2 protein chains.
Amino acid sequence: MKMTLEEIARLAGVSRSTVSRVINDDPNVNDTTRERVWQVVKANDFHPNTAARALAGRRSRVIGLVIPQALNAIFADPYFPLLIQGSAAACDERGYYLMLSLVLRQADDTFRWLIRARHMDGLLVASALAEDTFLTRLLDEHFPLVLVGRSPAHADITTVDVDNVHGASMAVRHLAQMGYSRIATITGPTNMVAALDRREGYLRGLQAMGIEASAGYMQAGDWSEGSGTQAMERLLRVTPRPDAVFVASDNMAVGALKAARAAGLRVPEDIAVVGFDDIGPAATAEPPLTTVRQPIDQLGYLAASTLIEQLESAPAAETDRAAQHIVLPTELVVRASCGQALRPAANYAAMQRVPSEGGVTYSQA
Amino acid sequence: MKMTLEEIARLAGVSRSTVSRVINDDPNVNDTTRERVWQVVKANDFHPNTAARALAGRRSRVIGLVIPQALNAIFADPYFPLLIQGSAAACDERGYYLMLSLVLRQADDTFRWLIRARHMDGLLVASALAEDTFLTRLLDEHFPLVLVGRSPAHADITTVDVDNVHGASMAVRHLAQMGYSRIATITGPTNMVAALDRREGYLRGLQAMGIEASAGYMQAGDWSEGSGTQAMERLLRVTPRPDAVFVASDNMAVGALKAARAAGLRVPEDIAVVGFDDIGPAATAEPPLTTVRQPIDQLGYLAASTLIEQLESAPAAETDRAAQHIVLPTELVVRASCGQALRPAANYAAMQRVPSEGGVTYSQA
DNA sequence: TGTGCGCGTGGGAGCGCTCCCAACGGCTAT
DNA sequence: ATAGCCGTTGGGAGCGCTCCCACGCGCACA
């Protein structure tokens, strides 16, 4: 038996409209009626037809997650699974569908297509690039979207990001406090905002501790383990040799660890290492990696929630209202690779976790 | 200006119906008319409203890809990105949308929901488990679906799979031909069909070469690199020590290589290794890994194409027709880890690639 | 000149919802 | 007693398509 609103209405002895109100949580329904209708809905395992809802209601309840990067790059990085998980959870909670938009065809085409066909109500864009023509294009279409990460070029768009600058700075200050003074860094690709922000944090951390920065102490990788190894090899050839390295991702840090070991250096006795991410391998690395934890799943969750909220509140095409900028705090997770274990235990306990001050920060653009 | 079929029709001086025929490639349209309508459609960048099409046409043109596994497991494995890529390409070509169904909520709920709400026309299920209650449930709903991989429990369902048995057998026979006789294997998790099939191929390969199998020579891993290392360590303690190992995945093979190196053994002089997958790390491993290549992207492509074909041809709910079983060939890619490089170059060239006989195999259930 | 047929085309009737307005008591305010 | 209002409810009018039937035309046939 094909179920429709009308059929449920008949069974419950009410009208189509009332059933519609019930399944949409409209408050204007008598409690007794509401209860009775719910009974019938559940008894028949009724689910309103998505297409009909979308057509009549002019919204599909589908939001897209766009990752403008090569697919293999996406999946190699543990960042995205977590981001997806978080966004999916938020969608699930609010009755939305999350659609991963794999950018296969010509980018322009894809989006005009998705947008024109009204297939999605809004977009989550996980653009990592500092310069993204994509984003510009989407903004031109006035399509509701939330950016995961920030975009220096567009202040007028709602973003959700982790506090990369502060996290990196924290890591560097911690190293300095441990007594290291020749602190180098391995950065991510310099066309990515997060990589630039972490480098900025590194520089600020040095400055805060009164340490002078040196160009030779900054080597770029591409987030991959291998690139971390290579960058580390380069750093080890610099004179004077660094005694500590802040690595902008755990993956690269693991690679750096290998390079140090291959060079016959002990970590953290000869050289300390701090990573960024706090993903799986960090805790089991040899030695366990001190790292800056970023709440990636929360990032996804918040991004999706924010977008949905925006969609539900927007009276019309009034999408271009004040952009929100949400920044999530990062946290320093101290393990062995930063040399703290070499110090008194009392001190260790006190500094085990250094949360970034501020917590969730909301600000208006 | 909000574009609709009607509006395009007006601009092209024809009726709504004719425009509909044009955008749906209906042959019953005069070529001149068709051309004129296309012009207008393109000039206005018109895309038919998805919801309206879905409602009127009773199909959404969305197919789901379900991977009933933990999300991190999905993404850690390079198998899935490729599968997704292939499926997405097929969907793209035929005007379908691919929706990744992240199984977050209670499995039962999710599917009843997706199915009842008519949100998807069909499902691609990448179930790896030998016993999957999920699948049973979906079959009970008579929902159109194609299984990626095979399911020993359900012969009545269309499947697309690679020839794991033959691939594994090929690898083992190759090792035997290279002169190795104490051939061990590292299998995948024994509750997964692909792992069982590869083990079966291992056994058949031994049998074909007149080598007796021994239980001690079979160690299970979980596809991860670490588990490969551990399984290899176990194998190296067996007496007599194996002189060759067929490893059921490249990831595990890389781990096995590390264990061998750690034990002071040379590969392939002291012990040969052959992997399975031919993913990125295989070619760059030390030594380069001889492996069985499986065309994962083709697998995805074919699975999606098959499902779409089934959807478009099915006159009605007549989904339960003869199930197809498509099997894709695997191919042995010879590199250094199998010891062939130790032999005369002439021989090497001749055996560089040993494709499985048969190519694509279609059979009716 | 009439009949039959196929091609190309137009328009009606929905698909299953949401949105909006009207209607119906039962109240309180005048 | 009459007007006005609120909490509930019902039903009409679409949303933008697809599907199907009917219509008009030119042609070959008798």
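Here the structure is a predicted model, which is why all the values come from computation and not from measurement. Chain A is the first sequence line, chain B the second, and so forth, proteins listed ahead of strands; every chain is numbered from 1.
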For a side chain to side chain contact (heavy atoms under 4.5 Å, CB included) with A/Met3, tell me which candidate from A/Val41, A/Asn49, A/Asn44 qualifies. A/Asn44
If you compare all heavy atoms of B/Met99 against all heavy atoms of A/Leu98, which two are closest, and at what distance to 0.1 Å? CE-O, 3.7 Å
Which of the following nucleotides, [options], is nearest to the side chain of [X]?
X       : options                : value
B/Arg16 : C/dC21, C/dG11, C/dG10 : C/dG11
B/Thr4  : D/dG16, C/dG10, C/dC17 : D/dG16
A/Asn30 : C/dT9, D/dC17, D/dT8   : D/dT8
A/Ala56 : D/dG10, C/dT18, D/dC17 : C/dT18
A/Leu55 : D/dC15, D/dC17, C/dT9  : D/dC15
A/Ser20 : C/dG16, C/dT18, D/dC17 : C/dT18

Whole Å only: how far is the [atom1] atom of [X] from the [atom2] atom of [N]?
X       : N      : atom1 : atom2 : value
A/Asn24 : C/dG16 : CG    : P     : 17 Å
A/Asp26 : C/dC17 : CG    : P     : 17 Å
A/Ile23 : C/dC19 : CD1   : P     : 11 Å
A/Asp31 : D/dT8  : CG    : P     : 8 Å
A/Arg61 : C/dC17 : CZ    : C1'   : 11 Å
B/Ile8  : D/dT18 : CD1   : C1'   : 17 Å
A/Asp25 : C/dT18 : CG    : P     : 12 Å
A/Leu5  : D/dG11 : CG    : P     : 14 Å

Evaluate the side-chain proximity of B/Thr4 to B/Glu7: yes if any heavy-atom separation is below 4.5 Å, no if none is. yes
Presence of donor-acceptor pair under 3.5 Å, side chain of B/Arg21 and base of C/dG10: yes
No-H, no-angle donor-acceptor pair, B/Arg58 side chain to C/dG14 base, under 3.5 Å: no
Out of curiosity, A/His325 NE2 to A/Ile157 CD1, how far, rounded to the nearest 0.5 Å? 8.5 Å
On DNA chain C, more 5' by nearest nucleotide between B/Gly13 and A/Arg59 is B/Gly13
Please compare B/Ala52 and B/Arg36 by the position of their nearest nucleotide in DNA chain C and report the one closer to 5'. B/Arg36
Pair A/Asn24, A/Arg53: side-chain N/O donor-acceptor within cut-off below 3.5 Å: yes
Note: B/Arg94-B/Glu309 ion pair, threshold 4.0 Å (strictly below): yes
Could you check whether A/Asn28 gets within reach of a base, just the sugar-phosphate, or nothing at all, counting any heavy atom under 4.0 Å? base
Under 4.0 angstrom, heavy atoms only, what part of the nucleic acid is B/Ser17 near: base, sugar-phosphate, or nothing? base
Counting only side-chain N and O atoms of B/Thr33, is one of them less than 4.0 Å from OP1 or OP2 of C/dG8? no
Is any side-chain N or O of B/Lys2 closer than 4.0 Å to OP1 or OP2 of D/dG16? yes
